[in-house]
There are 2 protein chains.
Amino acid sequence: MPHDHAKGDHSHASAGDDCPGCATPDLAFASHDHAHCAADVLARAEALAVASGARMTPVRRRVLEILLESHKAMGAYDVLQRLAADGFGNQPPVAYRALEFLVEQGFAHRIRRLNAFAACMHPGEVHAPAFLICKSCDMVAEAPAAAVRAALDAAAAEVGFVVERSNIEALGLCPACRVGA
Amino acid sequence: MPHDHAKGDHSHASAGDDCPGCATPDLAFASHDHAHCAADVLARAEALAVASGARMTPVRRRVLEILLESHKAMGAYDVLQRLAADGFGNQPPVAYRALEFLVEQGFAHRIRRLNAFAACMHPGEVHAPAFLICKSCDMVAEAPAAAVRAALDAAAAEVGFVVERSNIEALGLCPACRVGA
DNA sequence: TTATCTATGTTATATCATAACTGGTCAACC
DNA sequence: GGTTGACCAGTTATGATATAACATAGATAA
Ligand SMILES: [Zn+2]
Ligand SMILES: [Zn+2]
Ligand SMILES: [Zn+2]
Ligand SMILES: [Zn+2]
C-alpha cells in the first residue's frame, strides 16, 4: 500500500511540499490518503494564486474543493448542483466561469472526451499531461506525458505544423479494475 | 507545389491505389487536387464497405461525400443541414446515425475538441491518428502518430494502465497560416 | 469619495446529442 | 405467395452541454 500515511503523519500545506507519495503519477489509481492528497493540492493552488495575484474567490475555491473530492472528472452541471446546495448561484454560468478560471490558472483540466473537468494534481509544475480515464471506475489520472507531447510535437513538425495546445486522452482500464475484471 | 496532378492525370479508384501524393500526411495543409483526393478516399471506403459487408447506403455515402468536401471538420448539425437540402431527413438522428456508422467503419473520425467529425483520409490503413487542427484556417490533418501512441501506451503502462482507445488532438498553426500570420 | 474594474447572479438562448417509436425495404424461409 | 426478422431511415420529443447579454454587488484605486 503505497503512500498511506495518516493525516497527521506529517503536515505540509506549503508550496514547497515534496512528500514523495504526493507527486506519484499513479496516485489516483492507487490506494492513498486522499484527504491529504486533496488538501495538499488545494494548498498549493492557493499559494500559487497568491503568488500570481489571481483571485481565489469563495466560489472558485469551492469548485476546486469539489473537484478535489475524488479523482473523477465532473460535468459542469454536477459542480453547479453542488454549488447551489452550498448557497451559491445555481445558473450554469456560475459553474462555467469558475471552471474556466481554474483551467486558465492551471488548477483544473478539461477532459474533452467526458465533457467534464478534473482538478489538476500538479498545479504549478510544468506538465503536458495525458489523461488516463478508467472506463470501469471512472477515475482519471494525469500521467507524465512529456515524452508523448514530444512525440506529438515531432509528428507535427514533420508536416510543418506548430502545436500550441494539445489534448491527449486515453480510455482504458486502470490497474485495479484490470485485476477485478 | 506537391501533388498537383490534374484529375485525368492518372485514374485509380481502387483500394489498391498507391499514388505517392495520396497518402502524404500533410496533404491536408498542402495545395493539392482535392477533388482527386476526395474521390480517391471515397472509392477506397466504398471498396472496404463492400469487402466487409457494411452497407454504404445513400445517406451514409452522402455524409461521407459531404465530409470529404474539405479538410475541415463538420458539426453534426452542419451535416444535417446539407442532408436536408438534398432531400434526406432533417432530424438530428439522421445525421448522428450516419456519422456513427462512418466512425465505426473507420471512414470518419470524431474530433472531440471541436465537437465535430472529419472524414478519415486513410480508410483501411491501420493508423492511430493524431489530429492537427489549425486554429487559423480550421483545417484538420491526420498525422501519423504511431510513435505518439507508443509513447502514450508506455506512459500508461508505467502506472499499470491499459489503453484501449485514445484521442490525440493538437491545436496550433498549419504551415500555410504560420507564414501568413 | 467617486471612478473603475472585476466577480457574481440572472434571464434567455444556443449548441450538441440521444431515447423511443414508426414505417419501409429486402432477403430468408416455409 | 406470405410471413418473419433484420436493418435502415424518418419522426417526435427530450436531454445534456455551453454561452450571450445584461444587472448587481464588491473590491481597488485615484
Ligand atoms: Zn488522491
Ligand atoms: Zn495537471
Ligand atoms: Zn484533399
Ligand atoms: Zn484516419
Side-chain angles (χ1 to χ4, degrees), chain A residues 45-46 49-50 52-67 72-105 107-118 133 138 167 169, chain B residues 46 49-50 52-67 72-105 107-118 133 138 140 167 169:
Chain A
E46 300 257 22
V50 169
S52 75
R55 294 163 60 175
M56 196 66 137
T57 62
V59 211
R60 293 166 174 179
R61 177 177 299 105
R62 187 72 193 108
V63 169
L64 182 52
E65 286 171 0
I66 290 168
L67 290 182
K72 298 182 184 175
M74 289 184 79
Y77 281 77
D78 297 324
V79 170
L80 180 58
Q81 210 172 313
R82 297 291 309 278
L83 284 179
D86 290 351
F88 293 98
N90 69 340
Q91 300 305 316
V94 174
Y96 279 101
R97 282 193 290 236
L99 289 165
E100 182 187 31
F101 168 85
L102 295 174
V103 169
E104 270 169 9
Q105 298 302 315
F107 299 161
H109 295 292
R110 186 167 193 160
I111 315 293
R112 305 212 89 110
R113 172 140 204 151
L114 303 175
N115 290 326
F117 301 81
I133 307 163
D138 292 326
N167 302 95
E169 303 173 1
Chain B
E46 300 257 22
V50 169
S52 75
R55 293 165 57 178
M56 195 66 136
T57 62
V59 210
R60 293 167 175 179
R61 177 176 299 106
R62 188 73 193 108
V63 170
L64 183 51
E65 287 171 0
I66 290 167
L67 290 182
K72 299 182 182 174
M74 289 184 79
Y77 280 76
D78 296 326
V79 171
L80 180 58
Q81 211 172 310
R82 298 290 310 276
L83 284 179
D86 290 351
F88 293 98
N90 69 340
Q91 299 305 316
V94 174
Y96 278 101
R97 281 193 292 235
L99 288 165
E100 182 187 30
F101 167 86
L102 294 173
V103 170
E104 271 169 7
Q105 298 301 316
F107 300 160
H109 295 292
R110 187 168 191 160
I111 314 295
R112 305 209 88 111
R113 175 138 202 151
L114 304 176
N115 290 326
F117 300 82
I133 305 163
D138 293 325
V140 176
N167 302 95
E169 303 173 359

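In what follows, chains are A, B, ... by sequence order, proteins preceding strands, each numbered from 1. Atoms considered below: every heavy atom in the structure, side chains included; atoms not considered: hydrogens, waters and symmetry mates.
- Partners of Arg113(B) according to the side-chain contact (heavy atoms from CB on, under 4.5 Å) rule, which considers only residues two or more places apart in sequence or in another chain, are Arg112(A), Arg165(A), Asn167(A), Ile133(B), Glu169(B), Leu171(B).
- Residues Ile111(B) and Ala73(B) share a closest heavy-atom pair of CG1-CB, 4.2 Å.
- Annotation: Glu65(A), atom CD; neighbour count of heavy atoms from other residues, nucleotides and ligands within 6.0 Å is above 12.
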The contact string for nucleotides 21-30 of chain D, one letter per nucleotide 5' to 3', using protein heavy atoms under 4.0 Å with B, S and - for base, sugar-phosphate only and none, comes out as B-----S---
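- Leu83(B) and Ala95(B) make their closest contact through CD1-CA, 4.2 Å (heavy atoms, listed as atom of the first residue, atom of the second, distance).
- Summarising the geometry, the separation between CE on Met74(A) and C1' on dA16(D) is reported as 15 Å, rounded to the nearest angstrom.
- Evaluation of the side chain to side chain donor-acceptor pair (under 3.5 Å) rule for Asn115(A) yields no partner, not counting sequence neighbours.
- Take Arg61(B) and apply the salt bridge (Lys or Arg N to Asp or Glu O under 4.0 Å) test, not counting sequence neighbours, and it matches Glu46(B).
- Here the CD-CZ distance, from Glu104(A) to Arg97(A), works out to 12.5 Å after rounding to the nearest 0.5 Å.
- Using a 4.0 Å heavy-atom cutoff across all strands shown, Val94(A) reaches at least one base atom of the nucleic acid.
- Heavy atoms only, all atoms of each residue included: Gly75(B) and Ala116(B) are closest at N-CB, 3.9 Å.
- Rounding to whole angstrom units, CE of residue Met56(B) and P of dA9(D) are separated by 11 Å.
- Listed by first then second residue, pairs satisfying salt bridge (Lys or Arg N to Asp or Glu O under 4.0 Å) with a partner in residues 74-95 of chain B read Arg62(B)-Asp86(B), Glu69(B)-Arg82(B), not counting sequence neighbours.
- Each end of the helix from dT1(C)-dA30(D) to dC30(C)-dG1(D) yields a helix axis from five base pairs, and these two axes differ in direction by 10° (to the nearest 10 degrees).
- Here dA9(D) presents its P atom at 15 Å from CZ of Arg62(B), a figure rounded to the nearest Å.
- Contact between the side-chain N/O atoms of Arg110(A) and the OP1/OP2 oxygens of dA18(D) is found at a separation under 4.0 Å.
- Qualifying side-chain contact (heavy atoms from CB on, under 4.5 Å) partners for Pro92(B), counting only residues two or more places apart in sequence or in other chains: Tyr77(B), Leu80(B), Tyr96(B).
- If you measure from atom CZ of Arg61(B) to atom P of dA9(D), you get 11 Å, rounded to the nearest angstrom.
- Residues forming a side-chain contact (heavy atoms from CB on, under 4.5 Å) with Ala108(A) (at least two apart in sequence, or on another chain): Leu67(A), Leu102(A), Val103(A).
- The footprint of chain B on DNA chain C, defined by a heavy-atom cutoff below 4.0 Å, extends from dC16(C) to dA20(C).
- Applying the side-chain contact (heavy atoms from CB on, under 4.5 Å) rule to Phe101(A) yields the partners Ala54(A), Met56(A), Arg60(A), Gln105(A); only residues at least two apart in sequence or on another chain are considered.
- Within residues 75-92 of chain B, the residues approaching DNA chain D are Phe88(B), Gly89(B), Asn90(B), Gln91(B), by heavy-atom distance under 4.0 Å.
- With rounding to whole Å, Asn115(A) atom CG is found 11 Å from dT19(D) atom P.
- Taken to the nearest 0.5 Å, the CE atom of Met74(A) stands 9.5 Å off from the CG atom of Leu99(A).
- Atom P of nucleotide dG10(D) and atom OH of Tyr96(B) are separated by 17 Å, given to the nearest angstrom.
- Nearest heavy atom pair, residue Phe107(B) against residue Leu64(B), reads O-CD1, 3.6 Å.
- Along DNA chain D, the nucleotide nearest to Phe101(B) and the one nearest to Ala116(A) differ in position, and the one closer to the 5' end is contacted by Phe101(B).
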